Amino acid sequence: MSLLLGVDTGGTYTDAVLIRDEIEVVASAKALTTRGDLARGVEAAIRSVLERSGAAPEDVGLAALSTTLATNALVEGQGGRVGLIYIGFPTRDMQAHGLAEALGEDPFLICPGGHDHAGAEAHPLGEAEIAAFLAEHRDGVSGFAVAAQFATRNPAHERRVAELVAELTGRPVSASHQLSARLNGPKRAVTAVLNARLIGMIARLIGRTEAVLERLRIAAPLMVVRGDGALIAAEQARARPIETILSGPAASLVGARWLSGVQDALVSDIGGTTTDIALLRGGLPAIDPAGAQVGPYRTMVEAVAMRTTGLGGDSEVQVVTEGLQGGLTLGPRRVVPVSLLAVEAPEVVRPALEAQLRSAAPGEQDARFVRAVPGQSREGLGPRDLAVLERVGTDVRPLAEVLRARIDHGALARLVGRGLVQLAGVTPSDASHVLGRLAVWDSGAADMALRLVARKRVGSGQVLAADAQALAQRVVDQLTAQTSAALLEAAFAEEARDFGESPQVLARHGLMQAGLAEHRGLVRLSAGLNLPVVGLGASAASYYPAVGQAVGTQMILPEHGGVANAIGAVVGRVTMRQSGTVTSAGEGRFRVHLEAGPRDLTDQAAALEVLERALRDRARAEAVAAGAADVQLSARHDIRRAIVDGREVFVEGVVTVEASGRPRVAAG
């Protein structure tokens with residue numbers, strides 16, 4: 001049988017794995033993720049795994065890609081500049097569901113149009129305003145998003161805007177009704193904005209990955225992992241990149257189940273940028289009914305119920321100088337570890353660290369560096385942003401040489417958010433090098449960087465730590481504490497019982513902390529997780545044994561857990577879901593809301609049958625297009641009724657069709 005190739009591009013490492021007969025790991029390999037050109041890391045990982053296995057390229061029958069790229073981009077606030085066309089909504093709705101926050105400083109237009117709840121046109125579409133908006137912003141954005149009132153009941157206005165965008169700008173457009181069949185316009189708009197922001201980024205990754213496969217003479221079709229763990233074709237991921245948020249975490253869940261065989265557990269996957277935690281029940285990951293949440297954004301994307309925290313091996317170590325004790329916090333931003341940057345640019349990093357150590361007084365930007373990321377769009381940058389970017393140039397620079405005034409800090413933050421530059425600084429990975437737990441990069445540079453940060457002073461006037469070793473241990477202890485809190489939050493969020501406080505409060509409550517410490521006073525307190533934790537990620541073996549002790553449970557660290565995402569990428573299934581609605585249009589009239597527009601029937605069963613047939617056709621077609629073989633279909637009807645004048649009447653029916661099958665594998 002053909003071999004299955006799984007690839008995962010994480011924030012720090014790109015993993016590749018070969019699996020035979022879906023039951024045996026043949027070989028695995030890692031390469032550094034190359035942010036400027038992700039394909040270089042992908043190619044290095046694939047070449048390495050082929051060499052280790054001795055397999056020929058023609059033996060590969062299926063290639064699948066999981067990625068944290070979209071997840072990390074949303075957590076770190078990165079992505080392309082977009083324009084939103086918001087149709088038929090009041091201005092106040094811009095503040096609902098974080099829409100204004102998701103849009104940031106990007107342009108938007110609120111214009112007339114939209115439909116009512118029954119699918120009838122509420123107002124004519126403001127095409128003149130839309131055309132003017134497109135003309136003004138077509139050269140300043142990478143794509144457009146459109147959300148119209150009740151577009152899931154009648155998408156005619158969104159379809160017309162998509163036509164105008166194509167005709168007048170040639171830019172990609174994300175229409176909200178194509179991303180979700182549910183109501184809630186502002187939330188659909190958030191999803192469309194984030195989708196538009198990710199299109200260029202994901203398209204580049206997929207395109208470059210396909211070029212790598214072709215260069216390596218691997219003719220297998222390329223699949224991409226969706227946020228619910230299912231596989232989709234590369235073309236579908238290009239059009240709907242928002243569905244790949246939580247792709248990496250979802251793949252890790254599938255991989256965790258495959259590797260460990262556990263039925264019930266918390267799965268915690270630590271990467272370079274994030275820690276992703278989810279619950280396995282009966283061997284299956286739960287799907288979040290409210291839609292995937294990543295960082296501050298709640299989307300309408302169907303995905304695993306995953307809690308993603310900006311905490312990883314490459315999280316930025318931030319010094320808290322306020323208060324007498326001071327302290328540390330990690331994340332949520334990822335930075336390049338100083339020890340890694342010193343390997344890539346030793347002629348800059350080591351001399352700069354040595355010069356900073358010779359200074360009698362600690363500097364605000366000590367042990368911090370910046371470098372440009374080539375090939376990124378500069379659309380919409382202001383003069384100061386461009387000036388700071390010019391100072392960065394093409395080489396690695398100490399950050400103190402780039403920031404000349406306080407106002408430059410805002411420009412730098414915008415450049416980081418757009419993915420145009422990367423910051424480097426002290427991270428848990430550097431701390432692990434100082435403690436001797438890691439030895440893959442420049443441990444000497446890590447030691448110098450931690451010595452620089454350790455001599456910073458807190459509110460009492462005392463230095464933060466006595467030396468690099470002491471600071472390194474504090475950093476690792478802080479990672480243990482933040483990971484433990486994240487696990488407890490995830491557990492409390494899934495508890496059936498309401499304890500009267502939020503999961504965030506409960507995880508950090510004094511009684512909870514006393515119970516974890518087995519308090520024995522006048523009151524005896526004990527607490528801990530009541531199910532095991534499966535720890536995944538390249539650095540899990542370094543950090544997670546202490547985490548298991550901290551939360552009082554068994555920590556399972558499976559073999560090949562460092563490449564669980566890549567494994568999960570190729571052992572999943574293709575699954576497509578389509579949903580639609582039938583509403584009451586009056587006594588004895590049932591309105592079927594179809595892609596082509598509403599259709600009225602006089603029989604409830606007939607209306608539901610028409611909708612189910614249309615959804616079956618769409619779901620099957622999407623599954624086949626995604627590469628599924630032996631497609632199996634199932635349908636579910638959820639009917640809402642009400643009592644009116646003593647009799648039961650039909651209110652609404654939601655039909656959901658699922659098409660599922662294993663991906664087709666080319667003969668080896």
Side-chain angles (χ1 to χ4, degrees), residues 11-12 252 265-278 307-320 325-335 337 339 426-438 446 450 453-454 464-466 468-492 503-519 526-557 561-562:
T12 303
S252 76
L266 281 173
V267 177
S268 185
D269 185 2
I270 180 170
T273 307
T274 61
T275 291
D276 307 306
I277 300 171
R307 298 179 75 87
T308 297
T309 305
L311 176 66
D314 298 342
S315 289
E316 181 179 25
V317 174
Q318 299 187 60
V319 179
V320 180
Q325 296 298 318
L328 299 172
T329 186
L330 305 180
R333 183 166 61 188
R334 176 194 183 271
V335 295
S339 54
V426 172
T427 68
S429 295
D430 296 306
S432 291
H433 277 80
V434 170
L435 294 173
R437 298 184 181 186
L438 282 178
L450 265 73
V453 174
L464 181 65
Q469 285 274 336
L471 179 59
Q473 189 59 55
R474 286 189 65 177
V475 170
V476 171
D477 290 345
Q478 182 64 27
L479 188 144
T480 298
Q482 288 185 222
T483 304
S484 300
L487 282 166
L488 292 169
E489 280 185 34
F492 277 120
Q504 292 86 347
V505 171
L506 291 167
R508 294 164 178 80
H509 197 283
L511 287 174
M512 186 70 201
Q513 297 305 310
L516 291 171
E518 296 288 332
H519 172 79
S526 297
L529 290 175
N530 197 34
L531 72 174
V533 174
V534 180
L536 304 176
S539 61
S542 294
Y543 301 127
Y544 277 9
V547 172
Q549 289 182 334
V551 295
T553 194
Q554 178 191 11
M555 179 64 67
I556 301 171
L557 299 171

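Small disclaimer: the values here were computed from a predicted structure and weren't measured.
The minimum heavy-atom distance between Q504 and R508, with the atom names listed, is O-NH1, 3.2 Å. Minimum heavy-atom separation, G310 to S315: O-OG, 3.8 Å. Closest heavy-atom contact between M555 and G548: CE-N, 3.7 Å. Minimum heavy-atom separation, P428 to G312: CG-O, 3.7 Å. Contact detail for G528 and L516: the closest heavy-atom pair is CA-CD2, 3.9 Å. Between A527 and M512, the shortest heavy-atom contact is CB-CE, 3.8 Å.
Listed for the E489 side chain is no donor-acceptor partner under 3.5 Å among the backbone atoms of S484. With hydrogens and angles ignored, the 3.5 Å screen pairs a side-chain donor or acceptor of T275 with a backbone N or O of L311. With hydrogens and angles ignored, the 3.5 Å screen pairs no side-chain donor or acceptor of R474 with any backbone N or O of A470. Remark: side-chain polar atoms of T329 are not paired, donor with acceptor, to backbone N or O of Q318 under 3.5 angstrom.
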inquiry  = What verdict does the side-chain contact (heavy atoms from CB on, under 4.5 Å) test give for D276 and S252, after you've listed the backbone C-alpha separation in whole Å, the side-chain angles of each residue and the deciding distance to 0.1 Å?
reply    = CA-CA 9 Å; D276 307 306; S252 76; 5.6 Å; no
request  = May I have the step-by-step check of side chain to side chain donor-acceptor pair (under 3.5 Å) for T427 and D430, ending in yes or no?
outcome  = CA-CA 5 Å; T427 68; D430 296 306; 3.1 Å; yes
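Atom CG of L529 and atom CD of Q554 lie 12.0 Å apart (nearest 0.5 Å). Interatomic distance, I277 CD1 to I270 CD1, rounded to the nearest 0.5 Å: 10.0 Å.
For the side chain to side chain contact (heavy atoms under 4.5 Å, CB included) with T553, the lone residue among L487, V547, L266, V533 that qualifies is V533.
Between the side chains of T483 and Y543, not a single donor N or O lies within less than 3.5 Å of an accepting N or O.
A 4.5 Å side-chain heavy-atom check between L328 and L471 finds at least one atom pair inside the cut-off. In this structure, L435 and Q473 have side chains that are in contact, with non-hydrogen atoms separated by less than 4.5 Å.
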